[in-house]
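On a predicted model such as this, the values are computed, not experimentally measured, just so you know. For ligands, and for the atoms within them, numbers begin at 1 and follow the listed sequence.
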Amino acid sequence: MADPRPALKVAVLLSGRGSNFRALAEACGAPDYPAEIVLAISNRGDAAGLGIAADFAIPATVIDHTGFDDRAAFEAALTEAIEAAGAELVCLAGFMRLLTSEFTDRWRDRLINIHPSLLPAFRGLDTHARALEAGVRFAGCTVHFVRPDMDDGPIIVQAAVPIRADDTPEDLAARVLAQEHRCYPLAVRWIAEGRVRVSGATVRVEAAEAPDSALINPR
Ligand code: GAR
């Protein structure tokens, strides 16, 4: 029987290339996907992601942070646009502005982010170069609910990829990005299906099981 639940309305916030936005837009194009993107917001007028919105006929708007006196005014404009679009979930997809606790509290448990590391390792920028420098054997990505601290919050899903001896940061970024494009649509699907429960610092995904194989690197 078809799911009677209406599609979850999603707003995507981005600043640049928009490949995760594209992955979400493609997922939303599948007839059985339980979410739809009602608005894309970029804080930069030159973001390539705006072209993706046009490709998918998704309403898009630029809210340029430089046009506001302070963060509060910028974030109030974000909230106004998100609410006007009727969005129920906000996805940060390469949105490179820090958000205040007023905003993260306003959207608590309805605001998610994707980050290119296995959090809580390597918060912040240059994650791939830093992972290579640290000599870790695995890298990956994380989709998590947003809390006031940067790249912090209850984790919904992670994907791990091996690091190879001759990797450059670009090699690693490409390997991780391919997994980002799988993980973000999965997390949004689970939320839209009502299967995601936040309990303190942790998340439970109903009817989702951990894999039973281990990865060892190097073999
Ligand atoms: C992605 O790798 C995303 O994980 C990262 O920015 C990139 C945006 O790419 N986000 C962060 O670093 C957030 N802390 P995209 O514009 O092609 O989706």
How far is atom 10 (N) of ligand 1 from the closest protein heavy atom, and which atom is that?
Ile114 O, 3.5 Å

Just to confirm my output: which protein heavy-atom neighbour is closest to atom 5 (C) of ligand 1, and how far is it?
Pro116 CD, 3.7 Å

Shared hydrophobic cluster, Ile52 / Leu39 (ILVMFWY, side-chain heavy atoms < 4.5 Å):
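Result: no, two separate clusters.
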
Sequence neighbours excluded and cut-off under 3.5 Å, please list the side-chain donor-acceptor pairs for residues 133-144, or say none.
residue	atom	partner	partner atom	Å
Thr142	OG1	Ser117	O	2.7
Thr142	OG1	Leu119	N	3.1
Thr142	OG1	Gln158	NE2	2.9
His144	ND1	Asp152	O	3.3
His144	NE2	Asn113	ND2	3.1

Report the member of Ala48, Ser15, Ala173, Ser19 with the shortest heavy-atom distance to atom 15 (P) of ligand 1.
Ser19

With respect to atom 16 (O) of ligand 1, which of Gly16, Gly18, Ser117 exhibits the smallest heavy-atom separation?
Gly18

Pairwise side-chain hydrogen bond (donor to acceptor under 3.5 Å, both in side chains) hits with a residue in residues 167-177, at least two apart
Asp167-Arg175, Thr168-Glu170, Thr168-Asp171

Check ligand 1 against [X] and write out every atom of the ligand that is under 4.0 Å from a heavy-atom position of the residue.
| X | result |
| --- | --- |
| Glu180 | 1 (C), 2 (O), 3 (C), 4 (O) |
| Asn20 | 1 (C), 15 (P), 17 (O), 18 (O) |
| Arg17 | 9 (O), 15 (P), 16 (O), 17 (O) |
| Gly94 | 6 (O), 8 (C) |
| Asp151 | 14 (N) |

Under 30°, 30 to 60°, or over 60°: which ring-plane class applies to Phe74 and Phe95, parallel, tilted or perpendicular?
parallel

Around atom CZ of Arg44, are there more than 12 heavy atoms from other residues, nucleotides or ligands closer than 6.0 Å?
no

Is Met150 close enough to touch ligand 1? Criterion: a residue heavy atom under 4.0 Å from a ligand atom.
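Distance cut 4.0 Å: Met150 fails for ligand 1.
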
Is the shortest side-chain N to carboxylate O distance from Arg147 to Asp105 below 4.0 Å?
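No, no charged N to carboxylate O under 4.0 Å.
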
Sidechain N-carboxylate O distance under 4.0 Å for Arg22, Asp55
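Result for this pair is yes, salt bridge flagged.
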
